[in-house]
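See below for the structure under consideration.
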2 protein chains.
Amino acid sequence: MSENTSPRDFEGLKTLLAERREILPRRLQQVAEFAMAHPDEVAFGTAASIAALADVQPSTLVRFAKALGYAGFSDLQGVFRHRLRERWPDYEERLRTLNDVSHAGHDPLRLLFGFVESAATSLERMRQTISGDDLERAVDILARADTIYLLGQRRAFPIAAYLAYALPKLRLRSLLVDNVASLGPEQMAYAGPRDVLVAISFTPYTPFTVELARTAAEAGVPVIAITDSVFSPLRPHAEVWFEVVESDFGSFRSLSASLSLAMALAVAVGEKRAALPPKTGRG
Amino acid sequence: MSENTSPRDFEGLKTLLAERREILPRRLQQVAEFAMAHPDEVAFGTAASIAALADVQPSTLVRFAKALGYAGFSDLQGVFRHRLRERWPDYEERLRTLNDVSHAGHDPLRLLFGFVESAATSLERMRQTISGDDLERAVDILARADTIYLLGQRRAFPIAAYLAYALPKLRLRSLLVDNVASLGPEQMAYAGPRDVLVAISFTPYTPFTVELARTAAEAGVPVIAITDSVFSPLRPHAEVWFEVVESDFGSFRSLSASLSLAMALAVAVGEKRAALPPKTGRG
DNA sequence: GGCGGAATGGAAAATCCGTTCCCGTCGTGG
DNA sequence: CCACGACGGGAACGGATTTTCCATTCCGCC
């Protein structure tokens, strides 16, 4: 017994089963087939419920797990659960190994790979969660704006700064509220309903950003928020808001997803504006 | 009590929490935040394990569930599990939209996918090309530095700004040369051989950045360059230089790879510095 | 046809887990 | 200053779930 075979990931298990199935006892084959056909059931069910569905005894599930080298049923079930957590099979394995090894030594290259992975994960997650409708609404508002005010402090500042670089290249009038010399409020003083504020803030939300966004909203300035949770204090003041959850690696969060979103917004607005009838000037 | 509020789906719960959070007791707020930030943990964990992660008592989880109108913790957990069963149905459809040529108009979602794609490509390419030796040399130099000067203008500015945010968090002395009021040269005036300059510039290389990097190098300041080609004018002045080639999408280049590199450098230096003998002060 | 070992079913036992309950604390209003 | 109620911590309870164990069955081999 017990060669040390117990794949931690679903793919490995799949492979193992493909090899072993023929040599397995009849009931265990039955379990194997059921497990591959209904992995979600295995992930969520209890031993009893799964056994009933697969038409075997609960004890058979335990035997199955042990025959494959797992500590018990729960251990095996962990593999099925893990699969559902990481909906992105490509990155699943990589991040695992990285987290394991990163505890060992601080090899700079390993850190780099870690940040690359968390950036990639953030990107993929955003791709799956951002709503096209929200995007279009935001683009619509932005395209009609006179001036686009850009507000992001601390960790969010790089994104605002990037927009301040990109928007003028697209011939869009924008103004970076960088709060230099604490002149943030003055920088925004003349923003009105025909303008837009893009406010960016992540946990822990910078009070200055929140406060200025609130003031702006009260002055009738439409607010587009890029933030990271439903609980964001920016949300109540925002016309449209985007939830971008960035993965972290060792307490430092990626910015890749937010930046990509910012770029997409900028270019989309640029294109839309080009298609719009020329503006007639303010007033 | 018990108005009949207990959304069966995740979106409904999200909305409910967004409304109710403020009127919830402190611990329950804490649970709400954790749940929204780590829905997968809630889906698979046990009450005890979730409680530990959220830093509350298991009983608080039950209170939380009941306060929201659920029968108990398990009932609430069902909502989180349900969410995972729902395969992201629109993902396939989204990809089809992306590849669908008839939809050739300016679909913002397609732009977003495009930028995500180019960011991912940049990340992957960097991962394959960055040299571990260069990284270690750079980390070594940075870890011994007195003050880390950060120089990046225009498109490179977000990276410098991010480092200015991250380095102090790692207890490293740094100074962002933002060139406000054209005071860049003065900001760097006292940099010397015991300091380091991190200079970041991409095609078309901002003359100001190149010039200041040259001056610094002549003053004996070690320079670490992040740039995008062997022909970069930064290279001649740099002790260590990184070539990061970012992919572009419609004339806008990603920043993800450079940012990940910056993060990795920062954290690696932080770790190395922690391992180094304490500094003896300048002079 | 009988024997032996593996496989299986089923139920008991041990474990784990969610829930409840009680008590101490804090803040508030009388 | 006290009384009250809401809140929160923690332990104990009861239920559910996994695991173990043993009797029985099945199957191949002598």
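Sequence lines set the chain letters: A, B, ... in the order given, protein chains first and strands last, and positions in each chain run from 1.
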* Using a heavy-atom cut-off of under 4.0 Å over every strand shown, decide if B/Arg63 touches base, sugar-phosphate, or nothing. => base

* Asked: Can you check whether B/Gly45's main-chain N or O pairs, donor with acceptor, with B/Gln77's side chain at less than 3.5 Å?
  -> yes

* Structure fact -> A/Asp134 meets the salt bridge (charged side-chain N to carboxylate O under 4.0 Å, His left out) criterion, sequence neighbours left out, with A/Arg137

* Structure fact -> What residues 30-38 of chain A contributes to the DNA chain D interface at heavy-atom separation below 4.0 Å is none

* Please tell me if the side chains of B/Tyr70 and B/Leu13 come closer than 4.5 Å, counting only heavy atoms from C-beta onward. => yes

* Asked: Do any of residues 41-56 of chain A sit with a heavy atom less than 4.0 Å from DNA chain D, and if so which?
  -> A/Thr46, A/Ala47, A/Ala48

* Closer than 4.0 Å, any side-chain N/O of A/Lys66 to the OP1 or OP2 of D/dT20? -> yes

* Indicate yes or no for a side-chain donor-acceptor contact from A/Ser232 to the backbone of A/Ser229 under 3.5 Å, with no hydrogens or angles considered. => no

* Can you tell me if the side-chain N/O atoms of B/Arg26 get under 4.0 Å from OP1 or OP2 in D/dA6? -> no

* Asked: Side-chain N or O of B/Gln57 less than 4.0 angstrom from OP1 or OP2 on D/dG10?
  -> yes

* B/Ser74 side chain near C/dT19 phosphate (N/O to OP1/OP2, under 4.0 Å) -> yes

* Where A/Thr209 and A/Ile200 come nearest, the two heavy atoms and their spacing -> CG2-O, 3.7 Å

